[in-house]
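Quick note: numbers below take in every heavy atom, side chains included, and nothing from hydrogens, waters or symmetry partners. All chains are named by letter (A, B, ...) in the order of the sequence lines, taking the proteins before the strands, and each is independently numbered beginning at 1.
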Protein chains: 2
Amino acid sequence: MSQLPEQPSEGPVPTSADVARLAGVSRATVSYVLNNNSTVRISDPTRRRVREAAGELGYVPHAAARSLRAGHTRMVLLPAGNHPAAPLHHRFFHELESGLRRLDYTVVQHGSLGLDAEEAARAWAELRPVAVVAPGGIALTPQGIAVLRRSGARAVITLGPQPVEGAHALVMDEREVGRCATTHLLERGRRRIGVVIPEERGVGVFAEPRLAGARRAAAGGGARIEPLPLRYEEESAAALAARWRTLGLDGVFAYNDDYAMLLMRALQDAGIDVPGETAVIGAEDLMLGRLLRPRLSSVRMELATAQPLADLVDRLVRNPGGEPERHDLLSARAIPREST
Amino acid sequence: MSQLPEQPSEGPVPTSADVARLAGVSRATVSYVLNNNSTVRISDPTRRRVREAAGELGYVPHAAARSLRAGHTRMVLLPAGNHPAAPLHHRFFHELESGLRRLDYTVVQHGSLGLDAEEAARAWAELRPVAVVAPGGIALTPQGIAVLRRSGARAVITLGPQPVEGAHALVMDEREVGRCATTHLLERGRRRIGVVIPEERGVGVFAEPRLAGARRAAAGGGARIEPLPLRYEEESAAALAARWRTLGLDGVFAYNDDYAMLLMRALQDAGIDVPGETAVIGAEDLMLGRLLRPRLSSVRMELATAQPLADLVDRLVRNPGGEPERHDLLSARAIPREST
DNA sequence: TTGAAAGCGTTACCAG
DNA sequence: CTGGTAACGCTTTCAA
């Protein structure tokens with residue numbers, strides 16, 4: 001009659017007290033053993049008993065309890081963007097993440113769709129991350145930064161096209177991409193240059209600086225810049241190509257290789273010779289651009305390796321007092337192929 | 001001499017006790033007000049005082065303390081893959097995430113590079129998630145599942161090409177993609193069919209089932225299947241194209257559109273007529289495939305909308321007892337264009 | 001309507 | 001070397 005119908009999968013979660021009881025020691029001893037605390041010496045047989053008890057119960061420490069006690073976490077929070085990041089960023093994030101894990105941080109991505117900047121910052125702050133690395137396209141306001149700092153974040157870092165007041169900045173200056181592309185077109189003798197602006201929302205954070213970079217380069221070279229809104233659809237590209245000759249452009253920087261491939265095909269279909277009548281250059285140097293005829297010229301973007309940046313995050317966490325730092329991550333250079 | 005050099009950004013993190021003190025009420029009252037507890041009635045002036053005090057201090061509740069007290073979290077953990085997921089998956093994750101947030105879950109992605117299945121499961125379990133949704137390519141063993149369940153996870157769900165023993169499964173049966181592609185080639189009269197297997201690591205989880213699906217379809221149609229290892233590089237594709245005629249294939253399913261574009265270009269450069277001599281079909285129906293000449297045939301993959309799946313996760317969390325459930329998410333159909 | 005107190009799981013301090 | 005104890009921040013009885 002005293003049979004308890006507890007299924008193993010529904011039983012209470014084992015705690016360090018359970019481990020202590022099973023091993024016949026105190027909770028403190030369990031803690032010492034499991035954390036390899038070196039300030040105190042525990043006999044080997046005891047260690048083994050504790051380890052075995054933990055294994056037998058499937059004990060896993062409770063991170064929340066631990067960090068409550070410790071007064072801080074080792075969580076680095078990466079707010080996730082609403083929009084798929086560029087492939088380049090992906091690799092970079094993975095590197096950053098494993099770099100941080102190597103330094104014993106727990107890296108956690110937290111999405112924030114449908115929250116405004118303040119709400120999002122509060123949601124992050126509830127987790128009490130020791131650092132926040134917010135990619136470009138994530139709303140991060142000075143007030144949001146203040147909330148995070150007050151909640152104990154020792155480093156708030158933006159990672160994107162431009163710095164944000166009051167936070168450290170890992171800058172991927174996308175203007176450089178526009179500058180490179182435009183300079184290359186200028187060198188090819190082009191003076192009336194279109195710059196594709198994707199209409200997809202969320203891309204603006206990247207597109208605007210690329211355009212700005214193009215403008216600056218053009219100003220120095222006596223060229224004209226014409227922004228060209230474009231959706232990532234064949235119809236949109238065809239419409240643009242249809243009115244191409246009225247635009248009178250002899251070169252175009254197409255935001256990136258995807259848009260460049262789309263546009264170049266539409267231009268060719270409309271009988272515009274590339275590069276004869278109009279030169280086309282993309283960015284990001286995708287493999288696929290090399291498969292087209294003419295082969296697509298591009299801007300290769302190189303991102304700093306992420307391990308030093310993980311070290312940087314670590315340094316800012318350990319030594320939080322200083323002025324906001326700025327580090328430039330992105331370098332760009334034109335890769336001329338046949339389309340320019 | 002008593003001047004404290006505390007900078008505002010370095011002061012202690014405000015707690016509910018600070019809010020209570022400033023508002024001149026007890027901590028309990030603060031909790032009632034801030035959580036809109038309806039079982040107890042608090043006067044409006046008090047409510048306002050509490051809210052103002054919280055705002056003034058920039059108080060943000062401490063999620064760890066809260067869940068420690070509550071005995072459970074509302075965290076849904078998504079282990080992040082080592083490898084960039086397909087674009088389709090990206091959209092899907094974003095949808096799932098906002099669906100879950102709508103149900104008041106906190107969605108957290110946790111990377112696990114360089115950890116084996118057991119270590120990873122323990123790392124996740126430390127956070128005491130109420131549910132874990134593990135994408136394909138993430139190692140999830142029966143033991144790992146047990147660890148998670150014992151640590152309080154009420155739902156462990158895999159999301160990928162095949163179910164895992166003991167967990168619920170959202171199945172994206174990639175075999176269907178291979179089956180579709182191959183059936184389409186059979187309908188076009190092809191009988192000697194190559195199937196590209198990317199050599200990049202991490203892609204295997206997707207590639208193997210696609211190959212399996214192709215084999216099954218071929219078996220029914222009296223066709224031969226030839227696996228074709230390929231790296232995503234021009235040289236690799238050129239090498240494959242160079243020995244193409246010795247392979248004697250009249251059709252090829254190229255894993256996806258990226259590999260298909262790469263291979264098709266190499267075949268054309270080697271003087272192989274597409275589709276005359278060899279038909280080529282990809283998968284994922286990328287826009288770029290439509291820009292090639294011949295236009296690339298593809299398999300369009302459609303994923304179930306994610307909101308119902310968020311509801312499903314919620315249901316499994318609230319009602320954890322049942323048998324492992326399986327839900328099929330992926331449907332595929334061939335989109336014939338000019339390359340087949 | 002408000003306040004006091006207990007307790008969640010952990011670890012650090014201090015006696016034994 | 002080991003064991004008791006207090007404290008981290010929060011919510012929730014129970015009592016006033």
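- A/D311 and A/R315 are not joined by a salt bridge, as no carboxylate oxygen comes within less than 4.0 angstrom of a charged side-chain nitrogen.
- Judged by atom type and distance alone, B/Y32 does not reach the base of D/dC10 through any side-chain donor-acceptor pair under 3.5 Å.
- The listed nucleotides are D/dC10, C/dA12, C/dT10; the one nearest the side chain of A/A65 is C/dT10.
- The closest side-chain donor-acceptor pair between B/S112 and B/W124 falls under 3.5 angstrom.
- Atom CZ in A/R21 sits about 12 Å away from atom P in D/dG4, given to the nearest Å.
- Contact annotation: A/N35 reaches the phosphate of C/dT11 (side-chain N/O to OP1 or OP2, under 4.0 Å).
- Toward the 5′ end of DNA chain C lies the nearest nucleotide of B/S43, the other residue of the pair B/R128 and B/S43 mapping further downstream.
- As a whole-Å value, the separation of B/N37 CG from C/dT2 P is 13 Å.
- The phosphate of C/dT2 has OP1 or OP2 within less than 4.0 Å of a side-chain N or O from B/T46.
- Atoms CZ (B/R47) and P (C/dT2) sit 10 Å apart, rounded to a whole Å.
- At D/dG3, none of the side-chain N or O atoms of A/S31 fall inside 4.0 Å of OP1 or OP2 (strictly under the cut-off).
- The phosphate of C/dG3 has OP1 or OP2 within less than 4.0 Å of a side-chain N or O from B/T29.
- The base of C/dT11 has none of its N or O atoms less than 3.5 Å from a complementary donor or acceptor on the side chain of A/R66.
- A/V30 and A/V50 get closest at one heavy-atom pair: CA-CG1, 4.1 Å.
- Going from atom NE2 of B/H62 over to atom C1' of C/dT10 covers 13 Å, rounded to whole Å.
- Between A/S16 and C/dT10, a side-chain N or O to OP1/OP2 separation shorter than 4.0 Å is present.
- Look at A/E95 and A/R91 and you find a salt bridge, because one of the NZ, NE, NH1 or NH2 atoms lies within 4.0 Å of a carboxylate O, short of that distance.
- At a cut-off of 3.5 angstrom, counting only N and O atoms as typed in the model, there is no donor on one side facing an acceptor on the other between the side-chain of A/R69 and the base of C/dT10.
- Of the possible polar contacts, none joining the B/S67 side chain to the B/A70 backbone as a donor-acceptor pair under 3.5 Å is found.
- In this structure, B/S26 does not reach the C/dA5 phosphate: none of its side-chain N or O atoms is under 4.0 Å from OP1 or OP2.
- In this entry the distance linking CG of A/D18 with C1' of C/dC8 reads 13 Å, nearest Å.
- Counting to the nearest Å, the P atom of D/dT13 and the CZ atom of B/R27 are 16 Å from each other.
- In this structure, CD1 of B/I42 is placed 13 Å from P of D/dT11, rounded to the nearest angstrom.
- Of the candidate nucleotides D/dT2, D/dC8, C/dT2, D/dC8 has the atom nearest to the side chain of A/L68.
- Heavy atoms of A/V25 sit under 4.0 angstrom from primed sugar atoms or phosphate atoms, though from no base atom.
- Panel note: side chain B/T305, backbone B/Q307; no donor-acceptor pair is recorded below 3.5 Å.
- The B/R41 side chain lies nearest to C/dT1 when the options are C/dT1, C/dG3, D/dG3.
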